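Everything on this sheet refers to the single structure shown next.
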Amino acid sequence: RNMLLEQDEMVFAAQAAGRVGVVILDEFHYMNDKSRGTVWEECCVLAPPSAKLVALSATMANARQVTRWLEAIHGPTSLVETSHRPVPLRYRYADDLGVEDLFTSPAAGPGGGGAAPPKAWRLNPSL
């Protein structure tokens, strides 16, 4: 982003931007965040047309709308979505007695389905 916005060395920025083949934007759902979203938006708008944009998010509710926007500003765009979660979510809480499962069933909650691992450690109450 900073390279694309650089004013003093526009020639360098243009040359460097031409070498960008892929722009990876992790946690792309921050696009909806007032204080951080502009960074993702500027990267998408200012990226060279030849660069591929890869926007990653596990929690984007408006993925099709964002896909249409990306296509309008950057060109042909494909949405790749899956419900498979390679890193399962585990719902737990911690207190002075240790770390406990939030649900009685390990299959509860989005991404659930595995066996609950045994309690591995306890919090130090003196910390």
Side-chain angles (χ1 to χ4, degrees):
R1 170 190 179 257
N2 291 346
M3 178 181 69
L4 296 169
L5 292 174
E6 184 62 49
Q7 296 297 318
D8 295 335
E9 299 185 28
M10 192 60 85
V11 172
F12 171 76
Q15 289 172 343
R19 292 194 310 262
V20 174
V22 178
V23 177
I24 299 173
L25 301 144
D26 196 13
E27 304 295 342
F28 199 69
H29 53 270
Y30 282 127
M31 181 83 159
N32 293 327
D33 186 275
K34 275 174 50 172
S35 61
R36 297 187 259 188
T38 57
V39 174
W40 278 262
E41 185 175 0
E42 289 168 356
C43 288
C44 293
V45 170
L46 298 173
S50 60
K52 302 252 187 248
L53 299 179
V54 179
L56 306 170
S57 175
T59 58
M60 182 162 272
N62 62 338
R64 284 178 177 72
Q65 179 184 10
V66 171
T67 301
R68 288 190 300 272
W69 175 75
L70 285 170
E71 193 160 50
I73 64 160
H74 199 73
T77 302
S78 297
L79 173 62
V80 178
E81 45 186 350
T82 181
S83 60
H84 172 69
R85 188 180 241 332
V87 179
L89 293 175
R90 294 193 177 101
Y91 299 94
R92 297 187 175 144
Y93 65 94
D95 61 16
D96 60 349
L97 299 176
V99 178
E100 302 292 334
D101 292 325
L102 186 58
F103 300 112
T104 55
S105 169
K119 188 184 293 186
W121 53 278
R122 297 179 74 75
L123 295 179
N124 182 342
S126 65
L127 294 177

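Numbers for residues simply follow the sequence, beginning at 1. Quick caveat: nothing in here was measured; it's all calculated off a predicted structure.
Across all their heavy atoms, Thr77 and Leu70 have their closest contact at OG1-C, 3.7 Å. Contact record, Val66 with Phe28: CG1-CE2, 3.5 Å, taken as the closest heavy-atom pair. Here the closest heavy-atom approach between residue Trp69 and residue Val45 is recorded as CZ2-CG2, 4.1 Å.
For the pair Asp33 (side chain) and Arg36 (backbone), a donor-acceptor distance under 3.5 Å is present.
Remark: Tyr30 OH to Trp40 CH2 distance equals 7.0 Å, nearest 0.5 Å. In this structure, CZ on Arg92 lies 11.0 Å from CG on Leu102, to the nearest 0.5 angstrom. Atom CD of Glu41 and atom CG of Leu25 lie 12.0 Å apart (nearest 0.5 Å). Here OG1 of Thr59 is found 7.0 Å from CD of Glu27. Values are rounded to the nearest 0.5 Å. Distance check: Leu79 CG to Gln65 CD gives 12.5 Å after rounding to the nearest 0.5 Å. Note: Ser57 OG to Met31 CE = 11.5 Å, rounded to the nearest 0.5 Å.
A 4.5 Å side-chain heavy-atom check between His74 and Leu53 finds at least one atom pair inside the cut-off.
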